[in-house]
Structures are given as C-alpha cells and as structure tokens.
Amino acid sequence: MKIASFNINGIKARAEALKDWLKEAEPDVAILQEIKSIDENFPRELFEDMGYTVETHGQKSFNGVALLSKLPLEDVTRGLPGGEGMGREGADDIEARYIEATVIGAKDSLRICGLYLPNGNPVDLQSDGTPVPGSKYDFKLKWFDRLTARAKELLAAEEPFLMAGDYNLIPQPEDAKRPEAWKDDALFRLESRAKYRTLTSLGLTDALRVRNTAPETYTFWDYQAGAFDRNDGIRIDHFLLSPQAADHLVDCQIDAYTRAKAKPSDHVPIWVELDI
DNA sequence: ATGGTGGTGCGACCA
C-alpha cells in the first residue's frame with residue numbers, strides 16, 4: 001500500500017498539478033494539507049474520476065485537510081480531540097487541521113491520521129520565557145500535546161497506524177540547510193522539538209530516516225530568493241509509524257521533482273510503501 | 001533582510 005502526504009498550498013491553484021502528480025506517483029492514499037477550501041468547493045469529481053474516494057475537512061481561506069483513497073475507507077473522523085476552547089479569542093477549535101480514517105488493505109487495516117500542525121509563528125513569550133497564553137506559539141505547543149494524547153490512545157490498541165502530514169517541525173539541525181537561521185523560529189525552537197521528541201518517544205518511527213539517510217533531504221523550500229535552486233530547504237513533512245505499521249515498512253521517499261515544475265506548492269510529496 | 005513570494009478572495013491574513 002502506497003500512502004503519500006502532500007501540502008498542496010491551495011486546491012484551487014494546485015488541482016491540475018495534483019492530478020498530474022497522482023497519475024505519476026499512483027498512491028493508494030493521498031493525505032492533503034492546506035486545501036484552503038470549504039468542503040463544498042473542493043473539486044472532488046476531478047479525483048473521483050481517477051478512482052479516488054474523497055473525504056475533506058475544510059474551512060474558508062486557510063488550513064483544511066483531505067484524504068483521497070483508492071482503497072475502502074471506514075470510520076472517518078474530523079478534528080483532533082481536545083480542542084474545546086482552544087480557538088483564538090476563546091472560541092472552539094475551528095481550525096480544520098486533522099482527519100482520521102481506516103484504510104482496508106489486502107492483508108490488514110491501517111488507521112491513517114492526516115494532520116496539519118500549526119505553524120506557531122510569531123513566538124510571543126512572557127517575561128519568564130514561557131509562551132503567552134492564547135498566542136500562536138502556545139496554540140502550537142498545546143496542539144502537539146493533543147496529538148501526543150491521541151497517539152497514546154491509538155498505541156494502546158497495538159494495531160497498525162500512522163500519523164502523517166505537515167508537522168511544521170524541523171526535528172534536527174541536519175533537517176535544515178541553514179539551521180542557525182531557524183534557531184528562534186517556532187519550527188525549530190527547542191520547546192517545539194521537545195514536543196516532537198515526546199511524541200516520537202512513545203515508540204513512533206520516522207519512516208524517512210529509516211529508509212533514507214541521504215544528506216540535505218528536505219520537503220519545503222520558501223518561494224522567495226530562489227530557495228529551491230540553492231536547496232535551501234527544511235524537512236517538516238513527516239510519516240510517523242506505529243510499531244505495528246513500521247514492521248511493514250518497505251520504502252519512504254520524497255518526490256522533490258514536483259518543486260521544479262510550473263506553479264509548484266512550496267512543499268513536495270512524501271510517501272511510504274507498506275506491505276499491508 | 002522582520003515577507004523579497006504566493007494563496008485565498010477582495011481586505012487582510014497566513015505561511
């Protein structure tokens with residue numbers, strides 16, 4: 001089973017590029033982030049015509065995630081638990097950043113968690129150095145805590161699952177061309193990395209680092225200043241596998257070539273092949 | 001270099 005994750009930066013601008021890549025890569029499941037669309041405006045028929053079932057969790061203008069699957073999907077849920085009162089201005093967590101579904105494979109079922117973790121910038125700190133309550137950085141760290149809580153729940157079942165998507169997190173200095181430039185950024189600050197480490201330390205496997213040890217391997221390059229031409233990138237899109245999923249890991253790769261095409265997303269797809 | 005580019009959607013806001 002081939003499962004891909006791709007932050008497309010707007011379905012309206014990227015529909016044709018997404019179709020082209022799906023035809024080339026032929027994933028069984030595609031996990032999308034930043035669809036930037038309400039559910040009603042997502043061009044689902046473009047992908048249904050290619051044999052995909054389409055499940056969206058969108059909102060107006062920003063964020064939004066989706067699942068495309070050629071294999072049967074069951075038990076689709078939208079939203080990450082624990083968001084009550086987590087929105088800005090004390091509102092509920094209305095940011096559409098998380099979707100889960102069970103994919104029925106030839107040998108086994110796999111729970112797929114698709115996520116778009118908050119960016120977290122700007123980093124607003126109080127005089128004691130802790131994040132300002134209700135700030136974007138505070139929201140990011142608390143979102144990490146909720147994701148970790150969900151991972152604990154799923155791990156207890158001892159079944160195959162994965163959490164994949166745009167984590168907006170650079171795990172290690174080697175995951176950035178210029179790590180010093182990201183030192184104080186919400187994507188690389190020590191508190192952010194500690195949250196990521198807490199999550200992976202539950203027993204989740206970073207699929208890319210198991211299958212690909214090549215240096216300067218990134219999933220995002222800024223649109224500005226010719227970042228891609230200089231390979232001035234960061235690795236922030238990740239596949240984290242449960243032990244039962246990692247047992248079936250065959251391959252994990254990044255389709256960086258899509259970044260060189262016309263009108264690219266600033267992210268590129270990452271995918272895993274699981275014998276499942 | 002405190003957004004230089006790009007998306008959404010039509011005024012800002014987000015990354």
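Below, read A as the first sequence line, B as the second, and so on, with proteins coming before strands; counting in each chain starts at 1.
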**Message:** Give me the distance, rounded to whole Å, that separates B:dT5 from B:dG9 when you measure between the P atoms they each carry.
**Reply:** 22 Å
**Request:** Please tell me which of the listed nucleotides, B:dG9, B:dG7, B:dG3, lies nearest to the side chain of A:Ser61?
**Result:** B:dG9
**Asked** Which whole-number value in Å describes the distance from A:Asn121 CG to B:dC13 P?
**Response** 17 Å
**Item:** side-chain hydrogen bond (donor to acceptor under 3.5 Å, both in side chains) evaluation trace for A:Glu100 with A:Tyr98
**Value:** CA-CA 7 Å; A:Glu100 269 189 29; A:Tyr98 190 83; 2.6 Å; yes
**Message:** Heavy atoms from C-beta onward define the side chain here; which of B:dG4, B:dC14, B:dG7 lies closest to that of A:Lys263?
**Reply:** B:dG7
**Asked** Among B:dC13, B:dG3, B:dG6, which is the nearest nucleotide to the side chain of A:Gln224?
**Response** B:dG3
**Prompt:** Does B:dG6 have OP1 or OP2 sitting under 4.0 Å from an N or O in the side chain of A:Lys36?
**Reply:** no
**Item:** Presence of A:Lys60 side-chain N/O under 4.0 Å of B:dA12 phosphate oxygens OP1/OP2
**Value:** no
**Request:** Under 4.0 Å between any heavy atoms, over every strand shown, what does A:Asn63 touch: base, sugar-phosphate, or nothing? Just pick one.
**Result:** nothing
**Request:** In whole angstrom, give me the gap between the C1' atoms of B:dG3 and B:dC14.
**Result:** 11 Å
**Prompt:** Could you give the OH-to-P distance, from A:Tyr223 to B:dA1, as a whole number of Å?
**Reply:** 26 Å
**Message:** Between B:dG3 and A:Asp222, counting only base atoms on the nucleotide and side-chain atoms on the residue, is there a donor-acceptor pair under 3.5 Å?
**Reply:** yes
**Prompt:** Between A:Arg235 and A:Asp206, is the closest basic N to carboxylate O distance under 4.0 Å?
**Reply:** yes
**Atom-pair distance (NE2 on A:His267; P on B:dG7), nearest Å** = 13 Å
**Request:** Determine the minimum heavy-atom distance between A:Val272 and A:Ala207, stating which atoms define it.
**Result:** CG1-CB, 3.7 Å
**Prompt:** If you measure from the P atom in B:dA12 to the same atom in B:dA1, how many Å do you get, rounded?
**Reply:** 29 Å
**Item:** A:Lys70 and A:Glu26 ion-paired at < 4.0 Å
**Value:** no
**Prompt:** Thinking salt bridges, do A:Arg146 and A:Glu95 make one under a 4.0 Å N-O criterion?
**Reply:** no
**Request:** Round to the nearest Å and state the distance from A:Phe220 atom CZ to B:dG6 atom C1'.
**Result:** 10 Å
**Asked** Going by the angle between their ring planes, with limits at 30° and 60°, are A:Tyr167 and A:Tyr196 parallel, tilted or perpendicular?
**Response** perpendicular
**Request:** Could you check how far CG of A:Asp266 sits from C1' of B:dT8, rounded to whole Å?
**Result:** 14 Å
**Complete:** Result for side chain to side chain donor-acceptor pair (under 3.5 Å) between A:Asp166 and one of A:Asn9, A:Asn7, A:Asn119, A:Thr219 points to A:Asn7
**Any residue of residues 4-19 of chain A with a heavy atom less than 4.0 Å from an atom of DNA chain B** = A:Asn9, A:Gly10, A:Ile11, A:Lys12, A:Ala13, A:Arg14
**Asked** A:Tyr116 near the nucleic acid: base, sugar-phosphate alone, or nothing, with a heavy-atom cut-off under 4.0 Å?
**Response** sugar-phosphate
**Asked** If you find the nucleotide of DNA chain B closest to A:Gln59 and the one closest to A:Ala225, which residue's nucleotide is nearer the 5' end?
**Response** A:Ala225
**Request:** May I have the distance from A:Asp166 (atom CG) to B:dA15 (atom C1'), rounded to whole angstrom?
**Result:** 10 Å
**Request:** Using Watson-Crick or G-U wobble geometry with both distances below 3.5 Å, tell me the partner of B:dC13, or none.
**Result:** B:dG7
**Nearest-Å distance for atom pair CH2/P, residues A:Trp182 and B:dA15** = 13 Å
**Prompt:** Can you say whether the rings of A:Trp21 and A:Phe6 are parallel (under 30°), tilted (30 to 60°) or perpendicular (over 60°)?
**Reply:** perpendicular
**Fill in**
Rounded to whole Å, NZ of A:Lys140 lies from P of B:dA15 at a distance of 10 Å
